[in-house]
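Notes to accompany the following structure.
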Amino acid sequence: MTQKILILNGPNLNLLGTRQPEVYGATTLAEIEAMCHARAQERGIAVTCVQSNHEGALVDQLHAARGVFAGVVLNAGAYTHTSVALMDAISSTMLPVVELHLSNIHAREAFRHRSFIAPVAVGQICGFGAAGYPLAIDALLAHLGADE
Ligand code: CA2
């Protein structure tokens with residue numbers, strides 16, 4: 001059966017490519033999702049891409065992912081720095097999650113240095129812009145043992 005990965009994007013990421021290109025790049029979310037599908041095809045897997053601006057909807061997506069997806073690439077946006085609910089959802093699903101950020105959150109404002117996702121993620125990729133998404137898919141597949 002084809003392995004499936006969920007690409008989950010949080011608040012405001014639907015605006016990518018339209019504002020603040022100096023921080024988040026000029027690539028739109030649709031282009032990022034196309035990059036993810038292309039990398040999935042190269043790797044012989046399938047991805048489903050979902051974006052929501054709502055914390056509870058992201059929690060629902062994580063709950064529903066259990067038993068359907070082998071793992072999740074999660075850019076939780078600003079909820080990264082605030083959401084105990086997302087942290088608990090990841091813990092409860094026990095699915096491997098790769099935390100992803102376009103920007104290098106550690107080189108930005110102090111409030112972005114704290115991540116509620118990091119302690120429950122298998123790892124974090126940040127600072128590589130849109131290129132981080134295919135990197136995150138590769139990292140998740142490596143974690144799942146697809147490279148062995
Ligand atoms: O670097 C990332 O990927 C972030 O997760 C993006 C979040 C930010 O709050 C995190 O600290 C780091 C913000 C996403 C906002 O996206 C926009 C895109 C275009 C225009 C305005 C906002």
Side-chain angles (χ1 to χ4, degrees), residues 3-43 45-66 68-144:
Q3 209 162 36
K4 291 201 290 184
I5 287 177
L6 176 64
I7 313 291
L8 190 54
N9 282 296
N12 298 308
L13 289 160
N14 54 312
L15 299 177
L16 282 175
T18 64
R19 283 172 238 161
Q20 291 185 265
E22 68 287 358
V23 183
Y24 298 118
T27 311
T28 65
L29 184 60
E31 289 166 342
I32 285 174
E33 291 178 350
M35 288 166 67
C36 291
H37 284 289
R39 178 55 57 98
Q41 196 168 18
E42 285 164 12
R43 297 298 310 262
I45 61 147
V47 293
T48 296
C49 300
V50 176
Q51 186 274 333
S52 177
N53 293 320
H54 305 279
E55 186 176 16
L58 295 166
V59 169
D60 287 343
Q61 287 290 332
L62 288 165
H63 290 177
R66 193 170 180 194
V68 178
F69 296 97
V72 182
V73 172
L74 174 63
N75 185 347
Y79 290 140
T80 303
H81 319 298
T82 62
S83 182
V84 177
L86 281 177
M87 179 176 73
D88 288 347
I90 293 166
S91 297
S92 68
T93 62
M94 295 190 298
L95 277 171
V97 171
V98 172
E99 178 182 357
L100 187 278
H101 300 284
L102 295 148
S103 61
N104 180 355
I105 57 173
H106 304 288
R108 299 184 63 194
E109 305 96 319
F111 70 84
R112 295 187 205 273
H113 300 176
R114 177 171 194 191
S115 168
F116 282 91
I117 310 300
V120 291
V122 295
Q124 183 189 72
I125 294 173
C126 69
F128 296 102
Y133 283 81
L135 288 174
I137 290 171
D138 286 341
L140 187 53
L141 288 176
H143 176 81
L144 292 167

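Counting convention: from 1, in listed order, for ligands and their atoms alike.
- Pocket lining of ligand 1, defined as residues with a non-hydrogen atom under 4.0 Å away: P11, N12, L13, L15, L16, R19, Q20, Y24, N75, G77, A78, H81, H101, L102, S103, I105, R112.
- Within the 4.5 Å cutoff, the side chain of D88 has no heavy atoms near those of the V59 side chain.
- Between the H113 side chain and the R108 main chain, a donor and an acceptor come within less than 3.5 Å of each other.
- Looking only at atom types and distance, the side chain of S115 has a donor-acceptor partner in the side chain of E99 under 3.5 Å away.
- Judged by distance alone, with hydrogens and angles left aside, the side-chain atoms of Y79 form a donor-acceptor pair with the main-chain N or O of N53 at under 3.5 Å.
- The OG1 atom of T80 lies 11.0 Å from the CZ atom of F111; values are rounded to the nearest 0.5 Å.
- Checking Q124 against H106 by side-chain atom types alone, a donor-acceptor pair falls below 3.5 Å.
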